[in-house]
Amino acid sequence: MFSIIIPLYNKAEYIVETIKSVLNQSFTDFEVIIVDDASTDGSLHLAEKIKDSRIRIFTKANEGVSAARNFGISKATRPILAFLDADDKWEPDYLKIVLQMIKTYPDAGIFATGYYMNNKEKTFLNHIPHFPQMGIIDYFKYSYRHGMSICITSAVCVKRSIALEMPMFRKGIKRGEDIDVWLRVCLKYPMVFYNEPLMAYRTDTPNSLSVNYTNALEEFPYHEWFSHATNNKYYRKYVVTTIYLFAKNAFLAKDYGTCYNNLIQIHNVEPMVKCHKRITLIFFSFFMNLLHRKKLKSCDSFTS
């Protein structure tokens, strides 16, 4: 039923626990496809020590998480693709619940569940108030209200037939490559959401697949989303919110030019008079960028 795709890169401390969370599933009709992306810390050796006929391990040259996931998709043989990062883990009934979602809503194309941060308190990160335990969800509406994508990769399953009809994860991107896929799928197919946490998400691991902002070249170019056609009234609001969050992260990383350029890209999409925080950020990023350029010019003059 399920092809579970686990991209692996230097997760020796976590990979065994992650694999065990799959093997301990109450629903057992699945294959596990582990794609080692040229790990150097013994992760591959630890994965190979776990013996189970349902596990298939592949090794490839290091190209990043998108290429690893796409490679895993190419090796999948089951009708449903389940994604799990090598430092996350599932609750024992995760696959059982997803199967229930599929049987209840067979025409949907993508299935997502709630998740919690992997700490002692098990903080539920994407709970939706007043939403039923399970149902069809407007991905753009609730992602906009959530302030970011309501989905996270390790708590998402997609029909394999969909992955064969459209491009999946863009290579060379370290942030946003996953939510680009969910967005494009949800433009064509209904999403089902289970409003309970069934996945534990680690936020503080080395070499995390959900890395902090580094530079604009490693972030998905979200402005491309404006080219998609849809009648969903929340779509553009969600796109604007995502770009604003990216710009804010760039500002916090002192990449003021990227922050300013992205804010300018969206300033005509939504009335700025209602967005005081965004206006403030535009002014700050503009002046900080000017200041940064003056400093660089002064340094160049001094060294020359």
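Computation of the quantities below employed the complete heavy-atom set of this structure, encompassing side-chain atoms and omitting hydrogens, waters and symmetry-equivalent molecules.
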| task | Say whether, by atom type as modelled, one donor and one acceptor occur between the side chain of R145 and the main chain of I128 under 3.5 angstrom. | result | no
| task | Could you tell me whether R69 and D85 make a salt bridge, using a distance below 4.0 angstrom between a side-chain N and a carboxylate O? | result | yes
| said: Can a donor-acceptor pair be found, under 3.5 Å and without considering hydrogens, that links the side chain of Q25 to the backbone of Y94? | reply: yes
| said: I want to check something: taking the side chain as every heavy atom from C-beta on, are I55 and V22 in contact at a cut-off of under 4.5 Å? | reply: no
| W225 vs Y238 aromatic rings, parallel, tilted or perpendicular, using cut-offs 30° and 60°? | parallel
| Any luck finding a side-chain donor-acceptor pair between W90 and N24 under 3.5 Å? | no
| query | Can you tell me how far the CZ atom of F27 sits from the NZ atom of K96, to the nearest 0.5 Å? | reply | 11.0 Å
| field | Basic-acidic side-chain contact under 4.0 Å: E177, R170 | value | no
| field | Transitive ILVMFWY side-chain link F246 to L252, under 4.5 Å | value | no
| query | Mind checking whether L164 and M1 sit in one hydrophobic cluster, side chains of I, L, V, M, F, W, Y counted as touching below 4.5 Å? | reply | no
| note | Only residue of I50, I5, I19 satisfying side-chain contact (heavy atoms from CB on, under 4.5 Å) with I34 is I19
| request: Check step by step if side chain to side chain contact (heavy atoms under 4.5 Å, CB included) holds for K159 and L81. | output: CA-CA 6 Å; K159 287 182 177 177; L81 303 176; over 6 Å; no
| task | Count the heavy atoms belonging to other residues, nucleotides or ligands that lie under 6.0 Å from NE2 of H45, then report whether that count exceeds 12. | result | no
| message | Checking the side chain of N10 only, and the main-chain atoms of T40 only, is there a donor and an acceptor separated by less than 3.5 Å? | response | yes
| query | Got a sec, which residues hit salt bridge (charged side-chain N to carboxylate O under 4.0 Å, His left out) with E17, two or more places apart in sequence or on another chain? | reply | K89, R202
| note | Closest heavy-atom pair, N62 versus D37, reported as atoms and distance to 0.1 Å, is ND2-O, 2.9 Å
| From CD1 (I97) to OG (S26), nearest 0.5 Å | 8.0 Å
| request: Kindly say whether T77 contributes a backbone atom to a donor-acceptor pair with the side chain of E31 at under 3.5 angstrom? | output: yes
| message | Can you confirm whether L8 sits close enough to S39 that some side-chain heavy atom of one is under 4.5 Å from a side-chain heavy atom of the other? | response | yes
| note | d(N195 CG, I137 CD1) to nearest 0.5 Å is 7.5 Å
| request: State whether the side chain of R175 and the backbone N or O of A216 hold a donor-acceptor pair below 3.5 Å, judged by distance alone. | output: no
| query | Checking D41 side chain against A12 main chain: does a donor-acceptor pair fall under 3.5 Å? | reply | yes
| Taking it one step at a time, do Q100 and Y194 satisfy side chain to side chain contact (heavy atoms under 4.5 Å, CB included)? | CA-CA 10 Å; Q100 180 184 342; Y194 189 78; 5.5 Å; no
| Is it true that atom NZ of K60 has more than 12 heavy atoms of other residues, nucleotides or ligands lying nearer than 6.0 Å? | yes
| field | Results of side chain to side chain donor-acceptor pair (under 3.5 Å) for S149 - residues two or more places apart only | value | Y139
| remark: Value for CG (L217) from NZ (K174), rounded to nearest 0.5 Å, stands at 11.5 Å
| request: Would you please classify the geometry between the Y144 ring and the Y234 ring as parallel, tilted or perpendicular, with 30° and 60° separating the classes? | output: tilted
| D29 bridged to R78 by N-O distance under 4.0 Å | yes
| message | Between S143 and F140 (side chain of the first, backbone of the second, donor and acceptor by atom type, cut-off under 3.5 Å), is there such a pair? | response | no
| message | For K11, is there any backbone N or O sitting under 3.5 Å from a side-chain donor or acceptor partner on S43? | response | yes
| query | Is the backbone of A86 close enough, under 3.5 Å, to the side chain of T18 for a donor and an acceptor to pair up by distance? | reply | yes
| said: Check for me, please, whether L245 and V239 land in the same ILVMFWY cluster - side-chain distances under 4.5 Å, paths through other members count. | reply: no
| message | Can a side-chain donor-acceptor contact be found between T59 and D36 if the only test is distance below 3.5 angstrom? | response | no
| message | Is any side-chain heavy atom of F226 closer than 4.5 Å to one of V240? | response | yes
| request: Indicate the atoms forming the closest heavy-atom contact of D178 with F169, along with that distance. | output: CA-CE2, 3.8 Å
| query | Can you check whether M166 reaches V185 side chain to side chain, under 4.5 Å on heavy atoms? | reply | yes
| I33 and G72: which non-hydrogen atoms are nearest, and at how many Å? | CD1-O, 3.7 Å
| query | Do you know the tightest heavy-atom contact between I173 and E218? | reply | CG2-O, 3.5 Å
| Any sub-3.5 Å donor-acceptor pair from S227's side-chain atoms to E224's backbone N or O? | yes
| query | In Å and rounded to the nearest 0.5 Å, what is the OH to CG distance from Y116 to L125? | reply | 11.0 Å
| query | C157 versus F2: any side-chain heavy-atom pair under 4.5 Å? | reply | yes
| request: Determine the minimum heavy-atom distance between F111 and Y105, stating which atoms define it. | output: CE2-O, 3.8 Å
| note | Heavy-atom closest pair (A250 atom, C259 atom, distance to 0.1 Å) is CB-N, 4.0 Å
| note | d(K248 NZ, N262 CG) to nearest 0.5 Å is 15.0 Å
| message | For a ring pair (Phe, Tyr, Trp, His ring centres under 6.0 Å) check, start with the C-alpha distance between Y142 and F131, then their side-chain angles and the critical distance, and finish with the verdict. | response | CA-CA 10 Å; Y142 284 97; F131 190 83; 5.6 Å; yes
| task | Can you label the angle between the F83 ring and the W182 ring as parallel, tilted or perpendicular, going by 30° and 60°? | result | tilted
| According to a 4.5 Å side-chain heavy-atom criterion applied to Ile, Leu, Val, Met, Phe, Trp and Tyr, with indirect links allowed, do M148 and I110 form part of one hydrophobic cluster? | no
